[in-house]
Number of protein chains: 2
Amino acid sequence: MSSRKQIAVVSKASGDAIDAVSPVPLHTQIREVLRRRILDGSYAPHSQMPSESQMMEAFGVSRITIRQALGDLQKEGLIFKVMGKGSFVAKPKAFQSLSRLQGFGEAMAPSGYETYSLLLSARQVEASQVVAARFGLRPGEAVFEIQRLRYLNREPISVDVSYFPPAIGERLVQEDLATRDIFVILENDFGHDLTHADLQIEAISADESLARHLGTDEGAPLLRMERMTYAGEQPLDFEFLYYRGDAFQYRLRIERS
Amino acid sequence: MSSRKQIAVVSKASGDAIDAVSPVPLHTQIREVLRRRILDGSYAPHSQMPSESQMMEAFGVSRITIRQALGDLQKEGLIFKVMGKGSFVAKPKAFQSLSRLQGFGEAMAPSGYETYSLLLSARQVEASQVVAARFGLRPGEAVFEIQRLRYLNREPISVDVSYFPPAIGERLVQEDLATRDIFVILENDFGHDLTHADLQIEAISADESLARHLGTDEGAPLLRMERMTYAGEQPLDFEFLYYRGDAFQYRLRIERS
DNA sequence: CGGCACAACCTGTTATGACGAGTTCTATTA
DNA sequence: TAATAGAACTCGTCATAACAGGTTGTGCCG
């Protein structure tokens, strides 16, 4: 390569605003911005990322904050650093970080693949007819909705729309949903004992929104799952999962222990 | 099998000296001391660990250093923290953090278990007859030896004695050998393309040292493996693995891709 | 022209300091 | 006595600062 031209985008030109007064920590916001840039290709695999001091300036925070964000990404295996040179985007690899596929994927992936999630939204909403019925609520009562876009080996693989009782949802959003399995959080951190799940499956066509997220054509075949997970009698987690039809085989074991 | 009366050790009474001038970072030293205390039971599962300020004083370092050590352990899932309360030792769980079993274990663990390694020693030594022969060296030439004790779900499962060309060994010790798979480091960080491995297996009796590490009786049956891993023609990693006979079934697939 | 020393960058480590937020126990108050 | 306010602890976040150790380019010198 020749001269020093810009390495990559640093400024917050796009919708990656950092909010200093937000309740979510700066390093978390920055980590997610960087994760998005990696997953959407702004930072290509093997390319060098901006230096820590460049990011300091670009985001307007101190170096310790940048380092926290980068350190998190490094521990996930999304980037690697070389002392004296800089930070680089890691090449997606199978046989690295297993364990991240949740439930469905857990049973599905015989070996390990790299998986991450992008948080699309997380908010309290009024329960729709279907959701209310599943939780034994009245339509319009509050439930917590979390939408995520899941990646398998750096490719978008599914859109997950999950509903939780408000109390659980509030706590979930404080966790690291990008890399941790919701099942594991529920079991480990919250102490819920997941017992079983009911599910149903069908095939649908991608609408505009799903197609955009999953990078398929509109109308492409998707696998749609509806799954309610229980801890004993208590309904905990109701999910709609939209999997890319061309990327998944269906093989599943529902029992969990 | 002796009864342990101590509650929680904070001071560096035992052999857990922190060396300020050592080339290995303080937070790494501290992390490993804490890991040892967790794995050997000094800090029992679910028990509260000393507070960050207590550790600051006990180790004679700043809080940021303690936090780095604790943060690493937390990301591994060995401990968890509760704001306003403190740090606690996590309960060992299967179905959490897969992906850490290397090679042999990788193929062996159908689902996931929690695995860690304790670094027993890492140093340059003179190649023994056997090691030299495998690497195509003359006996007495320098090779790098790494000894580790591996845990599966908080129980010691195997002693690994690995030999590397000096250049590779020197780099390996700078990596996080406690949680990262050497195979993954070699492939991902170092760019070596592991192709195949030769191995042989036999059953032996535990000598005093092995029995002590593995927590078995002297004379207990062990599985002994000798494995040479190659990247193409180049021999990269020669290992002796001593597995507890009562804890392992042999089922293996050698191809890697 | 080739080699070597140095400056200019990078990340790694660590300290100090400050404030915020959550928990728990205590002491004051109604 | 019971409720409440607060003190005293905990971890979480973020800033500033300094130095070490590694890499890379530049420019001087032979």
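Per chain, numbering begins at 1; letters A, B, ... match sequence-line order. All figures in this text were calculated on a predicted structure; none of them were measured in a lab. Heavy-atom basis, side chains included; hydrogens, waters and symmetry copies ignored.
B/R138 meets the salt bridge (Lys or Arg N to Asp or Glu O under 4.0 Å) test with no other residue; sequence neighbours excluded. Judged as a salt bridge (Lys or Arg N to Asp or Glu O under 4.0 Å), and not counting sequence neighbours, B/E141 has no contacts. Remark: B/E155 engages B/R244 in a salt bridge (Lys or Arg N to Asp or Glu O under 4.0 Å) (not counting sequence neighbours). Under the ring pair (Phe, Tyr, Trp, His ring centres under 6.0 Å) criterion, B/F164 pairs with no residue, sequence neighbours left out.
Sorted by first then second residue, the salt bridge (Lys or Arg N to Asp or Glu O under 4.0 Å) pairs that include residues 46-55 of chain B, not counting sequence neighbours, are B/E52-B/R63, B/E52-B/R67, B/E52-B/K81.
Nucleotide C/dA15 holds its P atom 13 Å from the CZ atom of B/F59, rounded to whole Å. In this entry the distance linking CZ of A/F88 with C1' of D/dG22 reads 12 Å, nearest Å. Computed from coordinates, the B/M49 CE to D/dT10 P distance equals 14 Å when rounded to whole Å. As a whole-Å value, the separation of B/I79 CD1 from D/dC11 C1' is 11 Å. Between A/M83 atom CE and D/dC19 atom C1' the separation is 13 Å, expressed in whole Å. Residue A/E52 contributes atom CD, which lies 14 Å from atom C1' of D/dG22 at whole-angstrom precision. Rounded to whole angstrom, the span from the CD atom of A/Q74 across to the C1' atom of C/dT11 amounts to 10 Å. In this structure, A/R31 atom CZ and D/dG12 atom C1' are separated by 14 Å, rounded to whole Å.
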Please produce a list of atom pairs where a protein N or O lies less than 3.5 Å from an N or O of nucleotides 14-16 of chain D.
| unit_1 | atom_1 | unit_2 | atom_2 | d |
| --- | --- | --- | --- | --- |
| D/dC14 | OP1 | A/L26 | N | 2.6 |
| D/dC14 | OP2 | A/L26 | N | 3.3 |
| D/dC14 | OP2 | A/H27 | N | 3.3 |
| D/dA15 | OP1 | A/S62 | N | 3.4 |
| D/dA15 | OP2 | A/S62 | N | 2.7 |
| D/dA15 | OP2 | A/S62 | OG | 2.5 |
| D/dA15 | OP2 | A/T65 | OG1 | 2.6 |

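For the OP1/OP2 pair of D/dT10 and a distance below 4.0 Å, the side-chain nitrogens and oxygens of B/S53 include at least one atom meeting the criterion. Residue A/K85 has no polar side-chain atom (N or O) positioned under 4.0 Å from OP1 or OP2 of C/dT11.
Of the possible donor and acceptor atoms, none in the side chain of B/Q74 sits under 3.5 Å from a partner among the backbone N and O of B/S87.
Both A/G84 and B/V82 lie close to DNA chain D; mapped to their nearest nucleotides by heavy-atom distance, the more 5′-ward contact belongs to B/V82.
Remark: the B/S162 side chain and the B/D160 side chain contain no N/O donor-acceptor pair separated by less than 3.5 Å.
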